[in-house]
Amino acid sequence: MDKEKPADKSEKSQIQVIARAAAVLRALEEEPDGLSLGEIAKRVDLARSTVQRIVGALQQEAFVMAAAPNSRVRLGPAILRMAGSVQSDFVAMAHPHLADLGKELGETVDFAVVRKDHLVFIDQITGSHRLRTVSSVGDSFPLYCTANGKAYLAQLADAEIEQLVGRQYEKRTPNTHTTLKALLGDLATVRKAGYAIDREEHTLGIGAVGVALRDPFGNAVAISVPVPSQRFYGQEKRMAERLLKAKAKLEAMIG
């Protein structure tokens, strides 16, 4: 049997280091307060001393940084800049499709990214009607009572939904689902239809239709069309058809 060349061993070792560094970075996702070296070691199943060396190298490149004053580490400015650049690129790619949808419907179109148990708006096309719905980029909304949020939840297993949003929810309007049982009943319909409807569950006077998908890097994003209730009811199916077509175009673009 041929012996493995030293160069091959070196290459495999380098790949292993990269994989371990990637595992450390993934462990720090969605951890704004950071993690201790011991916590990271447990999550990535590595020795604490190994994690310490990896974190030290990542700190030199600003991929992680100290989360003062708690002696933990969190994602650093370099990785956050790269993530922001990636998100901005996809938003720019999606924007013309959202604009076409908004023009076709004459309504506001919202584009959001999922962050744990809520959505954060990252782009918006403002509707052409004088009476229209408008939110600000950066605003956050809960998953359980919004069309785009429910569209995302419908992609998860029931156990995952319970772990993410719990079993009891704040009653924002008389139409809000306040229990997991009621929410899951709604989501069963969403799974069959491929889109979700907010029937004034988040805000009285505003209905919405929403869909969810993944960006090129696997992050959950969602599109919704919020409409004043005076124009919403009776138009849900028409809006959903247009929204599903826009989603298909984005997914084809992503490949």
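Electrostatic pairing of R191 and D158 counts as a salt bridge here, judged by a charged N lying under 4.0 Å from a carboxylate O. Salt-bridge check for R72 with E39: passed, with a basic side-chain N closer than 4.0 Å to an acidic carboxylate O. Looking at E31 and R43, a side-chain N of the basic residue comes within less than 4.0 Å of a carboxylate O on the acidic one, giving a salt bridge. A salt bridge does not link R132 to E107: none of the charged side-chain nitrogens sits closer than 4.0 Å to a carboxylate oxygen.
Annotation for F63 and L25: closest pair O-CD2, 4.1 Å, computed over non-hydrogen atoms. Residues A147 and D198 come closest through the heavy atom pair N-CB, 3.5 Å. For the pair L153 and I161, the tightest heavy-atom approach, listed with the atom from each and the gap, is O-CD1, 3.3 Å. Among all heavy-atom pairs drawn from D110 and P226, the shortest one is OD2-CG, 3.3 Å. Closest of all the heavy-atom pairs between H118 and L143 is N-CG, 3.8 Å. The shortest heavy-atom contact between G194 and L244 is O-CD2, 3.6 Å.
Residue K245 places its NZ atom among 12 or fewer non-hydrogen atoms of other residues, nucleotides or ligands, all under 6.0 Å distant. Counting heavy-atom neighbours within 6.0 Å of R238 CZ, excluding the residue itself, gives a total above 12. Counting non-hydrogen atoms of neighbouring residues, nucleotides and ligands closer than 6.0 angstrom, the CD atom of Q163 reaches no more than 12 such neighbours.
At least one donor-acceptor pair under 3.5 Å links the side chain of T108 to the backbone N or O of T133. Panel note: side chain H97, backbone A94; no donor-acceptor pair is recorded below 3.5 Å. In this structure, the side chain of Q155 engages the main chain of A212 through a donor-acceptor pair within 3.5 Å. Between the side chain of S229 and the backbone N or O of F232 there is no donor-acceptor pair closer than 3.5 Å. Side-chain atoms of T203 never come within 3.5 Å of backbone atoms of I206 as a donor-acceptor pair (strictly under, hydrogens ignored). For Y144 (side chain) and T178 (main-chain N/O), no donor-acceptor pair under 3.5 Å exists by modelled atom type. In this structure, the side chain of S224 does not engage the main chain of G210 through any donor-acceptor pair within 3.5 Å. No donor-acceptor pair under 3.5 Å is formed between the side chain of E251 and the backbone N or O of K249. Judged by distance alone, with hydrogens and angles left aside, the side-chain atoms of E162 form no donor-acceptor pair with the main-chain N or O of A159 at under 3.5 Å. K150 places no side-chain N or O within donor-acceptor distance of the main-chain N or O of L187, the cut-off being under 3.5 Å.
Residues F111 and V137 do not share a hydrophobic cluster, defined by chaining ILVMFWY side chains whose heavy atoms lie under 4.5 Å apart. Two different hydrophobic clusters hold V114 and L75 under the rule that ILVMFWY side chains link at heavy-atom gaps under 4.5 Å. Put simply, V209 and L204 are part of two different groups of oily side chains (I, L, V, M, F, W, Y) that touch within less than 4.5 Å, one to the next. Hydrophobic clustering of Ile, Leu, Val, Met, Phe, Trp and Tyr side chains at less than 4.5 Å, counting indirect connections, keeps Y195 apart from L119. Linking Ile, Leu, Val, Met, Phe, Trp and Tyr residues whenever their side-chain heavy atoms come within less than 4.5 Å leaves M65 and L58 in two separate clusters.
The CG atom of N219 sits 8.0 Å away from atom CZ of R214, with the distance rounded to the nearest 0.5 Å. In this structure, the separation between NZ on K247 and CG on L101 is 13.5 Å, given to the nearest 0.5 Å. Atom SG of C145 and atom CD of E200 lie 13.0 Å apart (nearest 0.5 Å). With rounding to the nearest 0.5 angstrom, the CD1 atom of I197 is 9.5 Å from the OG1 atom of T189. To the nearest 0.5 Å, atom CG of residue L46 and atom CZ of residue R53 are 10.0 Å apart. The structure places CZ of R242 at 9.5 Å from CD of Q235, a figure rounded to the nearest 0.5 Å.
Looking at M239 and L105, their side chains come closer than 4.5 Å, going by heavy atoms from C-beta outward. Using a 4.5 Å cut-off on side-chain heavy atoms (C-beta onward), E29 and R26 make contact. Within the 4.5 Å cutoff, side-chain heavy atoms of T50 are placed close to those of R20. Two residues are said to be in side-chain contact when any heavy atoms from C-beta on lie closer than 4.5 Å; Q16 and I18 fail this criterion. Side-chain contact between R172 and P142: present, with at least one pair of heavy atoms (C-beta onward) separated by less than 4.5 Å. At a threshold of 4.5 Å between non-hydrogen side-chain atoms, the residues Q124 and V109 do not count as touching. For the pair L98/D123, a side-chain contact is recorded, criterion being any heavy-atom separation below 4.5 Å from C-beta on. Using a 4.5 Å heavy-atom threshold, the side chains of N148 and I223 count as separate.
Other members of a hydrophobic cluster containing L131 are absent, since no ILVMFWY side chain comes under 4.5 Å of it, directly or through relayed contacts.
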Run the numbers on Q59 and V73 for side chain to side chain contact (heavy atoms under 4.5 Å, CB included), then give the verdict. CA-CA 9 Å; Q59 277 184 310; V73 294; 4.2 Å; yes
Could you walk me through whether I40 and K42 pass the side chain to side chain contact (heavy atoms under 4.5 Å, CB included) test, one step at a time? CA-CA 5 Å; I40 297 172; K42 185 175 181 180; over 6 Å; no
V221/L250 under side chain to side chain contact (heavy atoms under 4.5 Å, CB included): CA gap, chis, key distance, verdict: CA-CA 11 Å; V221 296; L250 282 175; over 6 Å; no
Should I254 and L213 be marked as a side chain to side chain contact (heavy atoms under 4.5 Å, CB included) after you check the CA-CA gap, both sets of side-chain angles, and the distance that decides it? CA-CA 10 Å; I254 293 168; L213 63 154; 4.2 Å; yes
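Legend: residues meeting ring pair (Phe, Tyr, Trp, His ring centres under 6.0 Å) with F141, ordered by chain and number and at least two apart, are F121, H202. With sequence neighbours excluded, the residues that form a side-chain hydrogen bond (donor to acceptor under 3.5 Å, both in side chains) with H177 are D186.
For the residue pair E201 / Y169, no side-chain donor-acceptor distance below 3.5 Å is found, with atom types taken as modelled. Donor-acceptor pairing under 3.5 Å is lacking for the side chains of T173 and N175.
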